[in-house]
Amino acid sequence: MIEQISIFAENRKGSMREITTLLTENDLNIYCAITNDSAEYGIVRLLVDETERAFKLLKDNGFTCKVSRVICVKIPDAVGSLNQLLKDVEDSNINLDYLYVSYSREDATPVAVMHASGYAEVEECLKNRGYAVV
(Lines give C-alpha, C1' and ligand atoms only; values in the text may rest on other atoms or scores of the structure.)
Protein backbone atom coordinates (compact mmCIF):
# COMPACT_ATOMS: atom_id res chain seq x y z
CA MET A 1 0.00 0.00 0.00
CA ILE A 2 1.30 3.44 -0.96
CA GLU A 3 0.15 6.46 0.99
CA GLN A 4 0.28 10.02 -0.24
CA ILE A 5 0.19 13.25 1.72
CA SER A 6 -1.99 16.02 0.29
CA ILE A 7 -1.24 19.47 1.69
CA PHE A 8 -3.52 22.48 1.33
CA ALA A 9 -1.06 25.31 0.77
CA GLU A 10 -1.44 29.01 0.22
CA ASN A 11 -0.53 30.03 -3.33
CA ARG A 12 2.18 32.56 -2.49
CA LYS A 13 5.90 33.00 -2.97
CA GLY A 14 7.90 30.58 -0.79
CA SER A 15 5.00 28.38 0.27
CA MET A 16 6.34 25.23 -1.37
CA ARG A 17 9.81 25.87 0.00
CA GLU A 18 8.41 26.07 3.54
CA ILE A 19 7.16 22.52 3.09
CA THR A 20 10.38 21.21 1.57
CA THR A 21 12.53 22.97 4.18
CA LEU A 22 10.54 21.44 7.01
CA LEU A 23 10.89 17.96 5.51
CA THR A 24 14.59 18.46 4.72
CA GLU A 25 15.40 19.66 8.23
CA ASN A 26 13.81 16.49 9.57
CA ASP A 27 15.58 14.11 7.18
CA LEU A 28 12.45 13.15 5.27
CA ASN A 29 12.98 12.21 1.64
CA ILE A 30 10.50 13.27 -1.04
CA TYR A 31 10.10 10.58 -3.70
CA CYS A 32 7.52 12.41 -5.79
CA ALA A 33 5.86 15.82 -5.69
CA ILE A 34 3.12 17.36 -7.76
CA THR A 35 1.23 20.61 -7.27
CA ASN A 36 -2.13 21.83 -8.46
CA ASP A 37 -2.90 25.48 -7.99
CA SER A 38 -5.76 27.90 -8.03
CA ALA A 39 -5.81 31.64 -7.49
CA GLU A 40 -5.32 31.55 -3.71
CA TYR A 41 -4.59 27.98 -2.64
CA GLY A 42 -3.15 24.83 -4.10
CA ILE A 43 -2.76 21.18 -3.29
CA VAL A 44 0.70 19.71 -2.92
CA ARG A 45 0.76 15.93 -3.23
CA LEU A 46 3.82 14.09 -1.92
CA LEU A 47 5.11 10.56 -1.74
CA VAL A 48 7.75 10.45 1.00
CA ASP A 49 9.88 7.83 2.71
CA GLU A 50 8.08 8.11 6.09
CA THR A 51 4.49 9.15 5.50
CA GLU A 52 3.27 8.97 9.09
CA ARG A 53 6.15 11.01 10.49
CA ALA A 54 5.94 13.60 7.68
CA PHE A 55 2.19 13.95 8.17
CA LYS A 56 2.55 14.55 11.91
CA LEU A 57 5.36 17.04 11.34
CA LEU A 58 3.35 19.01 8.79
CA LYS A 59 0.21 19.04 10.98
CA ASP A 60 2.24 20.09 14.04
CA ASN A 61 3.61 23.01 12.01
CA GLY A 62 0.21 24.33 11.00
CA PHE A 63 -0.30 22.74 7.59
CA THR A 64 -3.72 21.39 6.67
CA CYS A 65 -3.10 17.97 5.19
CA LYS A 66 -4.42 14.46 4.87
CA VAL A 67 -3.11 11.03 4.02
CA SER A 68 -4.77 8.91 1.36
CA ARG A 69 -4.04 5.68 -0.43
CA VAL A 70 -2.93 5.79 -4.02
CA ILE A 71 -2.42 3.03 -6.53
CA CYS A 72 0.96 2.94 -8.24
CA VAL A 73 1.15 0.91 -11.42
CA LYS A 74 4.26 0.32 -13.50
CA ILE A 75 3.79 1.01 -17.18
CA PRO A 76 6.18 0.45 -20.08
CA ASP A 77 8.38 3.33 -21.20
CA ALA A 78 6.83 3.30 -24.64
CA VAL A 79 4.51 5.38 -26.77
CA GLY A 80 0.89 4.68 -25.88
CA SER A 81 1.43 2.88 -22.56
CA LEU A 82 -0.40 5.51 -20.52
CA ASN A 83 -3.17 5.55 -23.10
CA GLN A 84 -3.49 1.76 -22.82
CA LEU A 85 -3.65 1.96 -19.02
CA LEU A 86 -6.40 4.58 -19.26
CA LYS A 87 -8.29 2.41 -21.76
CA ASP A 88 -8.07 -0.56 -19.40
CA VAL A 89 -9.24 1.62 -16.51
CA GLU A 90 -12.16 2.91 -18.59
CA ASP A 91 -13.04 -0.59 -19.84
CA SER A 92 -13.13 -1.72 -16.20
CA ASN A 93 -15.63 1.04 -15.39
CA ILE A 94 -13.19 2.70 -12.97
CA ASN A 95 -13.44 6.43 -12.38
CA LEU A 96 -10.12 8.06 -11.53
CA ASP A 97 -10.14 11.11 -9.29
CA TYR A 98 -6.69 12.06 -10.55
CA LEU A 99 -3.52 10.59 -12.01
CA TYR A 100 0.09 11.64 -12.41
CA VAL A 101 3.19 9.85 -13.65
CA SER A 102 6.42 9.34 -11.74
CA TYR A 103 9.33 6.89 -12.04
CA SER A 104 10.36 3.83 -10.11
CA ARG A 105 13.67 4.36 -8.34
CA GLU A 106 14.35 0.62 -8.55
CA ASP A 107 14.33 0.21 -12.30
CA ALA A 108 13.70 3.70 -13.77
CA THR A 109 10.38 2.71 -15.33
CA PRO A 110 7.33 4.97 -15.43
CA VAL A 111 4.78 4.57 -12.65
CA ALA A 112 1.23 5.88 -12.92
CA VAL A 113 0.05 7.17 -9.54
CA MET A 114 -3.74 7.06 -9.37
CA HIS A 115 -6.41 7.91 -6.86
CA ALA A 116 -9.81 6.27 -7.16
CA SER A 117 -12.64 5.11 -4.93
CA GLY A 118 -12.61 1.44 -4.05
CA TYR A 119 -8.84 1.21 -3.70
CA ALA A 120 -8.68 -2.58 -3.17
CA GLU A 121 -11.04 -3.37 -6.05
CA VAL A 122 -9.17 -1.12 -8.46
CA GLU A 123 -5.83 -2.64 -7.46
CA GLU A 124 -7.17 -6.19 -7.94
CA CYS A 125 -8.70 -5.27 -11.29
CA LEU A 126 -5.40 -3.87 -12.56
CA LYS A 127 -3.46 -6.89 -11.33
CA ASN A 128 -5.92 -9.13 -13.18
CA ARG A 129 -5.21 -7.15 -16.35
CA GLY A 130 -1.49 -7.86 -15.96
CA TYR A 131 -0.26 -4.62 -14.41
CA ALA A 132 2.50 -4.63 -11.79
CA VAL A 133 1.06 -2.75 -8.83
CA VAL A 134 3.78 -1.26 -6.64
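For reference, positions follow the sequence shown, starting with 1. Any value given below was found using the heavy atoms of this structure, including those in side chains, with hydrogens, waters and symmetry copies removed.
In this model, no donor atom of one side chain and acceptor atom of the other lie less than 3.5 Å apart for Y98 and N36. Using modelled atom types, one finds no donor on one side chain facing an acceptor on the other under 3.5 Å when comparing R45 with Y100.
Every residue meeting the side chain to side chain donor-acceptor pair (under 3.5 Å) condition with K56, not counting sequence neighbours, appears here in chain and number order: D60. The side-chain contact (heavy atoms from CB on, under 4.5 Å) check on K87 picks up Q84, D91, with sequence neighbours excluded.
The neighbour count for R17 CZ, taken as heavy atoms of other residues, nucleotides or ligands under 6.0 Å away, does not exceed 12. For E52, the CD atom sits in a loose shell: 12 or fewer heavy atoms of surrounding residues, nucleotides or ligands are nearer than 6.0 Å.
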Which pairs would a plain distance check flag for residues 61-71, meaning a side-chain donor or acceptor within less than 3.5 Å of a matching protein atom at least two apart in sequence or in another chain?
from : atom 1 : to  : atom 2 : distance (Å)
N61  : ND2    : L57 : O      : 2.8

Anything under 3.5 Å between a donor and an acceptor, one on a side chain of residues 117-127, the other on a protein residue two or more places apart or in another chain? List them.
from : atom 1 : to   : atom 2 : distance (Å)
Y119 : OH     : E123 : OE2    : 3.3

Atom pairs and distances, side-chain donor-acceptor, residues 73-83, under 3.5 Å, sequence neighbours left out:
from : atom 1 : to   : atom 2 : distance (Å)
K74  : NZ     : D107 : OD2    : 2.9
S81  : OG     : P76  : O      : 2.7
S81  : OG     : A78  : O      : 3.1

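A salt bridge does not link K13 with E18: none of the charged nitrogens is closer than 4.0 Å to a carboxylate oxygen.
Contact check for I7 versus I43: no side-chain heavy atoms found under the 4.5 Å cut-off.
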Under the side chain to side chain contact (heavy atoms under 4.5 Å, CB included) rule, what do L22 and I19 come out as? Steps first, then yes or no, please. CA-CA 5 Å; L22 184 61; I19 294 167; 6.0 Å; no
Kindly determine whether M114 and I94 satisfy side chain to side chain contact (heavy atoms under 4.5 Å, CB included), including the steps that lead there. CA-CA 11 Å; M114 302 177 285; I94 296 168; over 6 Å; no
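Proximity of a side-chain donor or acceptor of S92 to a complementary backbone N or O of D88 within less than 3.5 Å is detected. Remark: the backbone N or O of E106 is paired with a side-chain donor or acceptor of S104 at under 3.5 angstrom. Using a distance-only test at 3.5 Å, with no hydrogens or angles considered, no donor-acceptor pair links the side chain of S102 to the main chain of C32.
F8 belongs to a hydrophobic cluster with Y41, counting contacts under 4.5 Å between side-chain heavy atoms of Ile, Leu, Val, Met, Phe, Trp and Tyr, direct or through other members.
Of all non-hydrogen atoms in M16 and T35, the two that sit nearest each other are SD-CG2, 4.0 Å.
Taken from CG in L28 to OG1 in T20, the straight-line distance is 12.0 Å, to the nearest 0.5 Å.
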